Amino acid sequence: MVSLNPKTMDDILENIRLVGNITGNDDTAASLTADMTQQIRDITDMTEDIPDSRKPRVLYIVWHEPMYAAGAGSYPDDLIQMTGGNNIIQAQGWPVISIEDVVDKNPQIIICSGMGGGSYTIMEAITGNQVLAQTDAVKNNKVYPVDDPNTIELAGPRIVQGLAELHGFIAPEIQSGEIVSPTSDTSSTPGFWRICIICSAANYSVAGSYCE
């Protein structure tokens, strides 16, 4: 058991290398992180020079009653920035936010994330709310359900899939034309690392196991 507490995408990559070293699988870890790094660069090369004035305002929520959102220091926050968006929630962690605050900040994109089909439940609640109908996101039909929250909210190789999904939501607000997204699927990469995260208070207990 190795205790890890990754905060960002860079931390996740470093943790995979560490687990690879501990388990004697340095080469596989190096290959996997190189593939992940390339997928990340495919997106950040397109977004790193976007001026703040062109970055769309994004809200990422994980429940609607009360409304919980991804704030600063969360994985969704990191990914939103990497894909060229601007997270409207500046509070740390996963704060409860008011509908009035959302209307005031007026997100252009709302991303709904819930386990077991919950993403669609949240999306329906947001699009059916008469107060939130004032936001640009609802007005312009830019409220999106996340396919699998684990690819965005948990530390592991599949987080690059979550990055690509968020890029698909955010890129159309930044530029027109073809959206370039990573095509590799790390879940089928030989030597895929399963990193199991058990959340306990503010700490993560992470067990890394090698899977052929």
Side-chain angles (χ1 to χ4, degrees), residues 7-13 33-62 64 69-90 94 97 102-103 105-114 118-120 122-124 126-127 132-189:
K7 303 289 188 183
T8 65
M9 182 75 83
D10 286 341
D11 291 343
I12 292 171
L13 293 169
T33 54
D35 182 62
M36 292 174 65
T37 298
Q38 184 57 57
Q39 293 183 64
I40 293 166
R41 286 177 178 167
D42 286 344
I43 289 176
T44 58
D45 283 352
M46 293 185 287
T47 62
E48 61 186 0
D49 294 327
I50 296 172
D52 289 343
S53 60
R54 289 186 57 203
K55 293 181 178 180
R57 300 179 303 277
V58 181
L59 172 65
Y60 186 104
I61 59 175
V62 294
H64 59 283
S74 65
Y75 295 137
D77 177 65
D78 193 30
L79 270 57
I80 287 169
Q81 294 182 54
M82 294 173 72
T83 54
N86 179 27
N87 187 4
I88 66 171
I89 305 302
Q90 299 301 309
W94 300 86
I97 59 174
V102 173
V103 172
K105 294 181 183 299
N106 191 21
Q108 294 165 280
I109 297 170
I110 297 177
I111 300 170
C112 307
S113 172
S119 297
Y120 292 90
I122 297 169
M123 182 181 70
E124 290 172 2
I126 296 301
T127 56
L132 293 176
Q134 302 174 59
T135 64
D136 287 347
V138 177
K139 287 179 182 177
N140 299 319
N141 296 315
K142 297 297 176 65
V143 182
Y144 302 108
V146 167
D147 182 45
D148 181 359
N150 287 336
T151 63
I152 298 172
E153 297 165 24
L154 295 183
R158 291 203 303 153
I159 199 164
V160 291
Q161 297 175 30
L163 179 69
E165 184 173 20
L166 292 191
H167 180 245
F169 298 151
I170 294 171
E173 281 295 309
I174 301 172
Q175 59 187 16
S176 60
E178 183 179 358
I179 300 172
V180 181
S181 298
T183 57
S184 298
D185 181 356
T186 54
S187 64
S188 60
T189 301

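The shown structure was predicted, so the numbers you read here are calculated from the model rather than taken from an experiment.
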Of the non-hydrogen atoms in D136 and N106, which two are nearest, and what is the gap between them?
-> N-OD1, 2.8 Å
Nearest heavy-atom contact between F169 and P145 is CZ-O, 3.6 Å
D11 side-chain N/O to T8 backbone N/O, donor-acceptor pair under 3.5 Å | yes
Mind listing the closest non-hydrogen atom pair of V138 and A133 along with its distance?
-> CG1-CA, 3.7 Å
Report the distance from atom OH of Y120 to atom SG of C112, rounding to the nearest 0.5 Å.
-> 10.5 Å
Nearest-0.5 Å distance, OG1 of residue T83 to CD1 of residue I174 = 7.0 Å
Drop me the distance from I50's CD1 to I170's CD1, to the nearest 0.5 angstrom.
-> 9.5 Å
Any donor-acceptor pair under 3.5 Å from N87 side chain to A72 backbone | no
Determine yes or no for a side-chain-to-main-chain donor-acceptor pair under 3.5 angstrom, with S119 supplying the side chain and V146 the backbone.
-> yes
Closest non-hydrogen atom pair between I43 and M82, with its separation | CG2-O, 3.9 Å
Atom of L59, atom of I89 and distance for their closest heavy-atom approach = CD1-CG1, 3.7 Å
If you round to the nearest 0.5 Å, how far is CD1 of I40 from NE2 of H167?
-> 13.5 Å
Rounded to the nearest 0.5 Å, how far does CD of E173 lie from CZ of R57?
-> 9.0 Å
Rounded distance [0.5 Å steps], OH in Y60 versus CG in L166 | 6.5 Å
Would you say N86's side chain and D52's backbone share a donor-acceptor pair under 3.5 angstrom?
-> no
Looking at A69 and I97, what are the two nearest heavy atoms and their distance?
-> CB-CD1, 3.7 Å
D148: side-chain hydrogen bond (donor to acceptor under 3.5 Å, both in side chains) partners, not counting sequence neighbours = R158
